[in-house]
Student: 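Quick one: the structure is below, questions incoming.
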Amino acid sequence: QVQLVESGGGLVQAGGSLKLSCAASGKIIFSTKTMRWYRQAPGKQRELVADISSSGITDYADSVKGRFTISRDNAKNTIYLQMNNLKPEDTGVYYCAAPAYRSWGQGTQVTVSS
């Protein structure tokens with residue numbers, strides 16, 4: 001019933017920026033739900049990067065505070081992750097999640113070179 005599709009990943013040099021998007025579709029009541037971005041680095045567990053509540057309250061992993069910004073556009077059923085000053089340790093597959101629906105996107109690869 002719910003599909004999440006990420007886009008915007010790519011290969012960038014350290015210090016660069018990317019903006020990820022996650023478009024939700026299907027039978028999701030998007031505006032009332034918390035949405036999250038996770039990432040999974042090679043050989044590591046998936047970790048929570050950022051989340052945003054239905055009211056727009058945000059939270060971030062310590063490692064990305066001040067560099068990443070999560071936002072949402074309820075009219076478009078879309079969340080975003082603006083990533084600035086990227087570091088090699090930010091490399092990984094980034095996933096969008098809608099926890100209330102136990103739904104995950106397919107992921108988009110972000111690679112940051114030194």
Side-chain angles (χ1 to χ4, degrees):
Q1 291 185 330
V2 177
Q3 298 82 43
L4 303 173
V5 179
E6 301 97 335
S7 62
L11 173 63
V12 299
Q13 293 185 341
S17 297
L18 286 172
K19 187 173 184 178
L20 307 183
S21 299
C22 170
S25 61
K27 296 183 178 180
I28 181 171
I29 307 175
F30 183 86
S31 64
T32 69
K33 301 298 187 290
T34 291
M35 298 292 293
R36 292 173 174 165
W37 285 101
Y38 288 80
R39 68 186 180 191
Q40 188 167 23
K44 296 185 178 180
Q45 298 293 317
R46 188 173 298 186
E47 64 176 338
L48 178 64
V49 175
D51 65 3
I52 183 165
S53 73
S54 61
S55 63
I57 299 171
T58 60
D59 197 15
Y60 300 91
D62 288 343
S63 60
V64 307
K65 286 181 179 177
R67 299 189 297 119
F68 290 12
T69 302
I70 187 172
S71 60
R72 68 192 300 156
D73 185 340
N74 290 338
K76 297 180 178 179
N77 281 6
T78 300
I79 65 166
Y80 305 92
L81 187 67
Q82 177 67 51
M83 305 185 295
N84 297 326
N85 192 24
L86 284 161
K87 303 176 180 180
E89 52 262 44
D90 295 319
T91 292
V93 179
Y94 283 69
Y95 299 90
C96 176
Y101 295 92
R102 296 171 296 180
S103 183
W104 296 80
Q106 81 287 355
T108 185
Q109 177 70 44
V110 172
T111 303
V112 185
S113 65
S114 60

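Please read these numbers as outputs of a predicted model, since none were measured by experiment.
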Student: Flag this pair as yes if the NZ/CZ of Arg67 is under 6.0 angstrom from the six-membered ring centre of Tyr60 and inside a 45 degree cone about the axis; otherwise no.
Tutor: no
Student: Under 6.0 Å between the ring centres of Trp37 and Phe68?
Tutor: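 So the answer is no for these two rings.
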Student: Any side-chain heavy atom of Tyr80 sitting closer than 4.5 Å to one from Lys19?
Tutor: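 Answer yes - side chains close enough.
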Student: Checking Thr78 side chain against Lys76 main chain: does a donor-acceptor pair fall under 3.5 Å?
Tutor: yes
Student: I need the minimum non-hydrogen distance between Ser17 and Asn84, along with the two atoms involved.
Tutor: OG-OD1, 3.0 Å
Student: In terms of heavy-atom contacts, does CD of Gln13 have more than 12 from other residues, nucleotides or ligands at under 6.0 Å?
Tutor: no
Student: Looking only at non-hydrogen atoms, find the nearest pair between Ser31 and Ser54 and report the distance.
Tutor: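 Ser31 and Ser54 have their closest heavy atoms at O-CB, 3.3 Å.
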Student: What heavy-atom pair brings Ser53 and Arg72 nearest, and what distance separates the two atoms?
Tutor: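 Of all heavy-atom pairs spanning Ser53 and Arg72, the closest is O-NH1, 2.9 Å.
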Student: Any side-chain heavy atom of Arg39 sitting closer than 4.5 Å to one from Val110?
Tutor: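 Heavy-atom side-chain distance check fails, nothing below 4.5 Å.
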Student: With a sphere of 6.0 Å drawn around CG of Leu11, does it hold more than 12 non-hydrogen atoms of other residues, nucleotides or ligands?
Tutor: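 Yes, the 6.0 Å shell around CG holds more than 12 heavy atoms from other groups.
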Student: Test Phe30 against Met35 for side-chain contact (heavy atoms from CB on, under 4.5 Å), laying out the working first.
Tutor: CA-CA 9 Å; Phe30 183 86; Met35 298 292 293; 3.9 Å; yes
Student: Where the side chain of Glu6 meets the backbone of Cys22, is there a donor-acceptor pair that is under 3.5 Å apart?
Tutor: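 Absent.
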Student: Where is the tightest heavy-atom contact between Leu4 and Gln106, given as atom of each residue plus distance?
Tutor: O-OE1, 3.4 Å
Student: Ion pair present between Asp62 and Lys65, side-chain N to carboxylate O less than 4.0 angstrom?
Tutor: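 Judged by the 4.0 Å cut-off on N to carboxylate O distance, Asp62 and Lys65 do form a salt bridge.
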Student: Using the ring of each side chain (for Trp, its six-membered ring), is Trp104 parallel, tilted or perpendicular to Tyr95, with breaks at 30° and 60°?
Tutor: perpendicular
Student: Any side-chain to backbone donor/acceptor pair from Thr91 onto Val112? Under 3.5 Å, distance only.
Tutor: yes
